[in-house]
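The sequence lines fix the lettering, A, B, ..., with proteins before strands; numbering per chain opens at 1.
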2 protein chains.
Amino acid sequence: MKREQIKHSIVRGLKEQGLKLTPQRSAVVEILTRDKSHPSALTIFRAARETRPSISLSTVYATLALLKKHRLIRELEFEGMDNRYDMDTDNHFNLICLQCGRIEDYINPAPVLPEVVEKQTGFRIHDVRLEFYGVCSTCAP
Amino acid sequence: MKREQIKHSIVRGLKEQGLKLTPQRSAVVEILTRDKSHPSALTIFRAARETRPSISLSTVYATLALLKKHRLIRELEFEGMDNRYDMDTDNHFNLICLQCGRIEDYINPAPVLPEVVEKQTGFRIHDVRLEFYGVCSTCAP
DNA sequence: CCCTCAAGCAGGAACCATTCCTGTTTGAGG
DNA sequence: CCTCAAACAGGAATGGTTCCTGCTTGAGGG
Ligand SMILES: [Mn+2]
Ligand SMILES: [Mn+2]
Ligand SMILES: [Zn+2]
Ligand SMILES: [Zn+2]
């Protein structure tokens, strides 16, 4: 799905749940959409303050928690690194650069199918997290 | 690789690096080997105190950090859940039960090959993290 | 067999990203 | 224009992990 489409589906998701699309929330969604590096709460906060100087870090966290709760975004936790947020909730690989911290997407043509795992193991799957850690092509050309 | 084999390779790894296999470290490794649920530092600490009542939580953390540093074990960080430790550093899927917190292994017969991703993206891969979140067969029979 | 000293340890303080709390603001609906 | 619940800003609290300090241990040299 394209980023602009995902953005609209997030906004739609908020409305469908009877939640308000306030300027603060709009700013957070906008940044999540524009910043392809899977930004952290602090990064989003700093970017949001440029268009909306009075926004607080609490509100950014609250908005991210809200979006996460309604499964409109994905929260990724790391070791020794702030949490990062992924606007794409579809199953895909994230390539995490240990040098610059950027996280890019990698759409695998033949991903592992949860259904197959469920059949084999009896484990009921809700979410999938697929990650490669390493060095991106920009950092090691 | 079998658990007993992995245990020996951890012990061997310590010796190869000129590190001491103290009773405290031995206890931590032993528990990591025995407990298939990918235990947390606190869980390891509590189990270690049964055979070695004077061991401190600091030492458990230090030992885990040491093993991690030398890539003999794997640290897994989660949202709203303590870090967990995986004695198996090979690429495999972890099935994480959101109800009981247990983490089991799933050896995929056809995993995604890092080499393929590297060739396609130019991203140099060091580590792989593959996880399914859901409910295990014990919790939802 | 004892001494030395660096590695390792126990206990507790400090850290800091995230969550929680409280009083204030906002704006949709009446 | 009023009302009131939702949302917000600012700041305090939380807690798993890391850091710090002084003490212990045991391998290796004399
Ligand atoms: Mn992504
Ligand atoms: Mn595992
Ligand atoms: Zn990079
Ligand atoms: Zn379970």
**Report entry** Neighbours of DNA chain D within residues 10-23 of chain B, by heavy-atom distance under 4.0 Å
**Finding:**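 Within this stretch, nothing sits under 4.0 Å of the strand.
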
Query raised in the report: Can a side chain N or O of B/Gln24 be found less than 4.0 Å away from OP1 or OP2 on C/dA10?
Result: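 The answer is yes; a side-chain N or O of B/Gln24 sits under 4.0 Å from OP1 or OP2.
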
Query raised in the report: Under 4.0 Å between a side-chain N/O of B/Ser56 and OP1 or OP2 of C/dG11, yes or no?
Result: no

Query raised in the report: Is A/Arg74 atom CZ crowded by more than 12 heavy atoms from other residues, nucleotides or ligands, each under 6.0 Å away?
Result: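 Counting neighbours around CZ of A/Arg74, more than 12 heavy atoms of other residues, nucleotides or ligands fall under 6.0 Å, so yes.
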
**Report entry** Candidate list B/Glu30, B/Lys2, B/Arg34, test side chain to side chain contact (heavy atoms under 4.5 Å, CB included), partner B/Lys7, passing option
**Finding:** B/Glu30

In whole Å, what is the span from the [atom1] atom of [X] to the [atom2] atom of [N]?
{"X": "B/Phe45", "N": "D/dG15", "atom1": "CZ", "atom2": "C1'", "result": "16 Å"}
{"X": "B/Ile55", "N": "C/dA10", "atom1": "CD1", "atom2": "P", "result": "6 Å"}
{"X": "B/Arg25", "N": "C/dA10", "atom1": "CZ", "atom2": "P", "result": "11 Å"}
{"X": "A/Arg52", "N": "C/dT26", "atom1": "CZ", "atom2": "P", "result": "9 Å"}

Is there a path from [X] to [Y] through hydrophobic residues (I, L, V, M, F, W, Y) whose side chains come within less than 4.5 Å of each other?
{"X": "B/Leu32", "Y": "B/Met1", "answer": "yes"}
{"X": "A/Leu42", "Y": "A/Tyr61", "answer": "yes"}
{"X": "B/Ile31", "Y": "B/Ile10", "answer": "yes"}

**Report entry** B/Leu76 side chain near B/Arg129 side chain, heavy-atom distance below 4.5 Å
**Finding:**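 The answer is yes; the side chains approach within 4.5 Å.
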
Query raised in the report: Judged by atom type as modelled, is there a donor-acceptor pair below 3.5 Å linking the side chain of B/Arg25 to the main-chain atoms of B/Val11?
Result: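 Not at all, since once roles are kept as given, no pair shorter than 3.5 Å links the two residues.
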
Query raised in the report: Checking side-chain hydrogen bond (donor to acceptor under 3.5 Å, both in side chains) against B/Asn94, which of B/His38, B/Glu131, B/Glu104 comes through?
Result: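 In the set B/His38, B/Glu131, B/Glu104, the residue that makes a side-chain hydrogen bond (donor to acceptor under 3.5 Å, both in side chains) with B/Asn94 is B/His38.
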
Mind listing the N/O atom pairs, protein and nucleotides 17-21 of chain C, below 3.5 Å?
unit_1	atom_1	unit_2	atom_2	d
C/dT18	OP1	A/Asn83	N	2.9
C/dT18	OP1	A/Asn83	OD1	3.2
C/dT18	OP1	A/Asn83	ND2	3.3
C/dT18	OP2	A/Tyr61	OH	2.3
C/dT18	O5'	A/Tyr61	OH	3.2

